[in-house]
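A quick note: this is a predicted structure, and the numbers were derived from the prediction, not measured.
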Amino acid sequence: MSARDRLIVGLDVPTIAEAERVVRTLGDTALFYKIGYQLVFAGGLEFARDLAKDGKKVFLDMKLLDIDNTVAKGVENIVKMGMSMLTLHAYPKAMAAAVAAAKGSDLCLLGVTVLTSMDAKDVIDAGYEYDPHTLVLRRAEQARVAGMGGVVCSAEEARAVRKIVGADMAIVTPGIRPAGAEPGDQKRVMTPADALKAGSSHLVVARPIVKATDPLAAVKAILAEMDGALTA
């Protein structure tokens with residue numbers, strides 16, 4: 001895969017009009033877009049369908065978690081939307097239901113391990129007995145066993161996760177920040193080049209692009225950094 005195939009631009013913006021502006025500004029330079037809660041609740045599902053029809057890849061970041069039947073029925077409809085990636089929380093039963101529902105399709109199911117906004121204290125406060133690193137690895141193994149297409153984890157865990165999931169599963173990493181960028185609410189971050197070297201297959205970058213004065217220049221700089229890492 002080229003850098004362009006690996007970079008996922010997070011459309012973390014409040015309106016469809018603003019999302020359309022970002023996509024229009026980036027043109028053919030960006031291929032892959034992430035749509036999450038903020039945009040979904042502003043009409044983003046129809047926008048996601050439109051992007052897919054226009055030849056873009058869409059990562060629908062819904063982080064599904066519910067009873068098996070509800071997860072399965074949701075995944076069945078998402079398959080019909082032409083999405084490329086979908087997230088659900090990496091709980092074994094939910095993953096098994098999703099894998100069965102997506103069987104035979106091109107939808108890549110991703111298990112969210114531990115959110116990159118969480119550190120050790122946050123994980124303990126949430127009631128888990130594991131530290132973030134241990135919990136990520138446990139969930140990565142469960143995702144592999146369930147037959148998922150990949151996992152979402154921070155780049156800090158990517159190298160260890162790659163050893164667990166093997167060469168074929170996707171490792172999608174948010175919390176990517178170019179050198180000098182503000183981390184915002186992310187606590188486990190890494191630069192694009194370092195994330196690829198650590199084993200990430202896809203990088204999600206939102207605020208450093210959509211909040212940039214020149215989003216196109218920001219994307220080109222990130223792609224150049226990624227190309228350098230991929231050819232090094």
Side-chain angles (χ1 to χ4, degrees), residues 1-3 5-8 10 32 34 57 59-65 68 71-72 75 83-124 126-177 186-205 226 229-230 232:
M1 291 185 293
S2 68
D5 294 306
R6 297 170 181 267
L7 176 62
I8 303 173
F32 219 144
K34 176 183 80 75
K57 293 183 179 180
F59 168 18
L60 197 59
D61 189 18
M62 295 304 296
K63 300 183 179 71
L64 300 180
L65 180 61
D68 298 358
V71 169
V75 170
M83 302 294 96
S84 295
M85 287 180 168
L86 169 70
T87 53
L88 56 147
H89 282 289
Y91 285 60
K93 290 188 69 179
M95 291 191 291
V99 168
K103 187 175 181 179
S105 76
D106 293 329
L107 179 64
C108 179
L109 296 169
L110 302 171
V112 177
T113 55
V114 176
L115 300 177
T116 52
S117 61
M118 299 180 73
D119 58 17
K121 181 180 183 303
D122 297 320
V123 171
I124 291 171
Y128 294 102
E129 61 179 304
Y130 304 105
D131 62 90
H133 185 81
T134 303
L135 185 56
V136 166
L137 300 191
R138 178 179 175 84
R139 288 181 165 171
E141 172 63 18
Q142 291 170 332
R144 185 189 65 78
V145 171
M148 296 283 282
V151 298
V152 179
C153 67
S154 86
E156 289 184 3
E157 292 104 24
R159 194 179 306 278
V161 167
R162 181 57 72 196
K163 293 178 181 178
I164 291 172
V165 302
D168 295 334
M169 284 178 65
I171 297 180
V172 180
T173 54
I176 300 299
R177 294 291 184 267
Q186 302 284 8
K187 295 180 179 178
R188 300 182 346 266
V189 301
M190 194 173 285
T191 66
D194 287 342
L196 290 176
K197 291 175 183 176
S200 300
S201 62
H202 297 77
L203 311 182
V204 180
V205 186
M226 291 172 68
L230 291 170

Can you name the closest pair of heavy atoms from [X] and [Y] and give their distance?
X	Y	answer
Ala102	Leu109	CB-CD1, 3.9 Å
Ile164	Ala140	CG2-C, 4.2 Å
Ala158	Ser200	CB-OG, 3.6 Å
Val71	Ala94	CG1-O, 3.7 Å
Met226	Arg6	CE-CB, 3.7 Å
Ala170	Met85	CB-CE, 4.5 Å

[Y] side chain reached by [X] side chain, heavy atoms, under 4.5 Å:
X	Y	value
Leu64	Val75	yes
Val204	Val172	yes
Leu203	Leu196	yes
Val161	Leu137	yes
Asp5	His202	no
Val99	Met148	yes
Ser84	Phe32	yes
Leu86	Leu110	no

- Cation-pi between Arg139 and Tyr91: NZ/CZ under 6.0 Å from ring centre and within 45° of the ring axis? yes
If you round to the nearest 0.5 Å, how far is [atom2] of [Y] from [atom1] of [X]?
X	Y	atom1	atom2	result
Thr173	Ile8	OG1	CD1	8.5 Å
Leu88	Asp61	CG	CG	10.5 Å
His89	Met62	NE2	CE	10.5 Å
Asp106	Lys57	CG	NZ	10.5 Å
Ser154	Met118	OG	CE	12.5 Å
Asp122	Ser117	CG	OG	7.0 Å

Is there a donor-acceptor contact under 3.5 Å from the side chain of [X] to the main chain of [Y]?
X	Y	answer
Thr113	Val152	yes
Ser201	Ile171	yes
Glu141	Arg138	no
Arg162	Met169	yes

- Take Arg177 and Met190 through the side chain to side chain contact (heavy atoms under 4.5 Å, CB included) test and state the conclusion after the steps. CA-CA 6 Å; Arg177 294 291 184 267; Met190 194 173 285; over 6 Å; no
- Message: Would Ile176 and Thr191 count as a side chain to side chain contact (heavy atoms under 4.5 Å, CB included) here? Give the steps.
- Response: CA-CA 6 Å; Ile176 300 299; Thr191 66; over 6 Å; no
